[in-house]
Number of protein chains: 2
Amino acid sequence: MNDALSNVNKICPCAVTISLLSSKWKILIMRDLLAGPKRYSDLKRSVMGISQKMLTQSLKEMAADGLVNRHVYPEVPPCVEYSLSNLGASLRPVIYALNKWGKDYLQKSNPAYIHERFNIAVPKNRWLINSERFSNIR
Amino acid sequence: MNDALSNVNKICPCAVTISLLSSKWKILIMRDLLAGPKRYSDLKRSVMGISQKMLTQSLKEMAADGLVNRHVYPEVPPCVEYSLSNLGASLRPVIYALNKWGKDYLQKSNPAYIHERFNIAVPKNRWLINSERFSNIR
DNA sequence: CGGCATCCCCTGAGATACTG
DNA sequence: CAGTATCTCAGGGGATGCCG
């Protein structure tokens, strides 16, 4: 019997998406890769606050899930470039929705409250980004 | 000086949204509340696998963040109803995007792979939902 | 019914040091 | 440069029991 397989169409789509994105880091990596391919060190800089460990681990899992491609240029020193696969790129509307809602929310909220809720409660400057990234996601 | 406040418009909108939704539970709760107000016990049943602790905690935080309203009917036995606030309801496009992508992904993926990735790897039946919920999110 | 309060475990994630 | 390898710890989250 294939109860197991028949259960597949009872899986919650919402939960599947979340599961693939799991940690916040992956979403932030997606956000940055949507602007184009990036090297490991680029990502390390643009995904502010991420550790090498989490960056490596996240990228590895995302590659295993088919969300990103990993391309190694055989040079010295080594150069590794990450880019979105077609599957990964198809997540654009999701990232866009997250970004859109966040922008609206930030605009209509009390700045002092936002500061209190997101600048202090959250460790360090983890949520800050370079302003030029604003234009990347539309 | 108000460096602090001026930093507010450097916060990543994407990250803000994720931060408010944080755990997967909140997203699943949102998903179910989008279909209409629900009692605590309804949510306990529909958000499969959630513990009382996490349900209570999630709802409390979501209420504090202004995403859900809590209404107590002074009866015996007590009855508490949760519903989305306007702010919470405005997240519909986000939940919709997550759901939409997940549905597409499930359809085009190899069922055996999906089973392996989401039915076994993930603890218990946590990701399963009642099929009738599929129509709730459009 | 709709919660709290505890205890406890596991892992997500940071810090640091080392390598091809 | 792009990682790997350890060590460590806070807290996310489960299980259980009690309460108005």
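Order of the sequence lines fixes the chain letters, A, B, ..., with proteins taken first and strands second; residue numbering starts at 1 for each chain.
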| Distance flag, aromatic centroids of Y113(A) and H115(A), threshold under 6.0 Å |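 No, the ring of H115(A) stays outside the 6.0 Å limit from the ring of Y113(A), centre to centre.
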
Could you tell me whether the phosphate oxygens of [N], OP1 or OP2, come under 4.0 Å of any side-chain nitrogen or oxygen in [X]?
| X | N | result |
| --- | --- | --- |
| R39(B) | dG2(C) | yes |
| S41(B) | dC1(C) | no |
| Y82(B) | dG3(C) | yes |
| S51(A) | dG14(C) | yes |

If you check every side-chain atom of [X], which of [options] has the closest atom?
| X | options | result |
| --- | --- | --- |
| T56(A) | dG3(D), dA2(D), dC4(C) | dG3(D) |
| P78(A) | dG3(D), dG2(C), dG20(C) | dG20(C) |
| K24(A) | dA13(C), dG3(C), dG13(D) | dA13(C) |
| S23(B) | dT4(D), dG2(C), dG13(D) | dG13(D) |

Using the side chain to side chain contact (heavy atoms under 4.5 Å, CB included) criterion, which residues pair with [X]? Sequence neighbours excluded.
| X | result |
| --- | --- |
| S22(B) | K26(B) |
| Q107(A) | none |
| D104(A) | K100(A) |

Tell me: [atom1] of [X] to [atom2] of [N], nearest whole Å?
| X | N | atom1 | atom2 | result |
| --- | --- | --- | --- | --- |
| K60(A) | dG3(D) | NZ | P | 9 Å |
| Q57(A) | dA5(D) | CD | C1' | 13 Å |
| L28(B) | dG13(D) | CG | P | 11 Å |
| W25(A) | dT11(C) | CH2 | P | 21 Å |
| L43(B) | dG2(C) | CG | P | 10 Å |
| L55(B) | dC1(C) | CG | P | 14 Å |
| M54(B) | dA15(D) | CE | P | 13 Å |
| R45(B) | dG2(C) | CZ | P | 9 Å |

| side-chain contact (heavy atoms from CB on, under 4.5 Å) between W101(B) and L91(A), intermediate numbers included | CA-CA 7 Å; W101(B) 190 89; L91(A) 274 165; 3.4 Å; yes

| query | Near DNA chain C, under 4.0 Å by heavy atom, which residues of residues 62-77 of chain B? | reply | R70(B), P77(B)

| So with a 6.0 Å cut-off around CG of N110(A), is the heavy-atom count from everything else above 12? | yes

| task | Would you work out how much the helix from dC1(C)-dG20(D) to dG20(C)-dC1(D) bends between its ends, with each end axis defined by five base pairs, to 10 degrees? | result |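 Its terminal axes enclose an angle near 50°.
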
| query | Hey, is the main chain of G102(B) close enough, under 3.5 Å, to the side chain of T17(A) for a donor-acceptor pair? | reply | yes

| Would you call the rings of Y82(B) and Y40(B) parallel, tilted or perpendicular, where under 30° means parallel and over 60° means perpendicular? |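 Answer is tilted, since the angle falls between 30° and 60°.
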
Report all interatomic pairs (protein N or O, nucleotide N or O of nucleotides 5-10 of chain C) with separations under 3.5 Å.
none

| query | Does the pair R39(A)/D42(A) count as a salt bridge with the N-to-O cut at 4.0 Å? | reply | no

| message | How long is the straight-line distance from OH of Y105(A) back to CG of L87(B), given to the nearest 0.5 Å? | response |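 Rounded to the nearest 0.5 Å, the CG-OH separation comes to 6.5 Å.
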
| message | According to a hydrophobic-cluster definition based on side-chain heavy atoms being under 4.5 Å apart (Ile, Leu, Val, Met, Phe, Trp, Tyr only), do V72(B) and L67(B) belong together? | response |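 Yes, because V72(B) and L67(B) connect within a single hydrophobic cluster, where side-chain heavy atoms sit under 4.5 Å apart.
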
| Partner of I29(B) by side chain to side chain contact (heavy atoms under 4.5 Å, CB included), out of V68(B), L21(B), L55(B) |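 The residue from V68(B), L21(B), L55(B) that satisfies side chain to side chain contact (heavy atoms under 4.5 Å, CB included) with I29(B) turns out to be L55(B).
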
| query | Closest nucleotide of DNA chain D for Q52(B) versus for E61(B): which of these residues is on the 5' side? | reply |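 Its nearest nucleotide lies further toward 5', so the answer is E61(B).
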
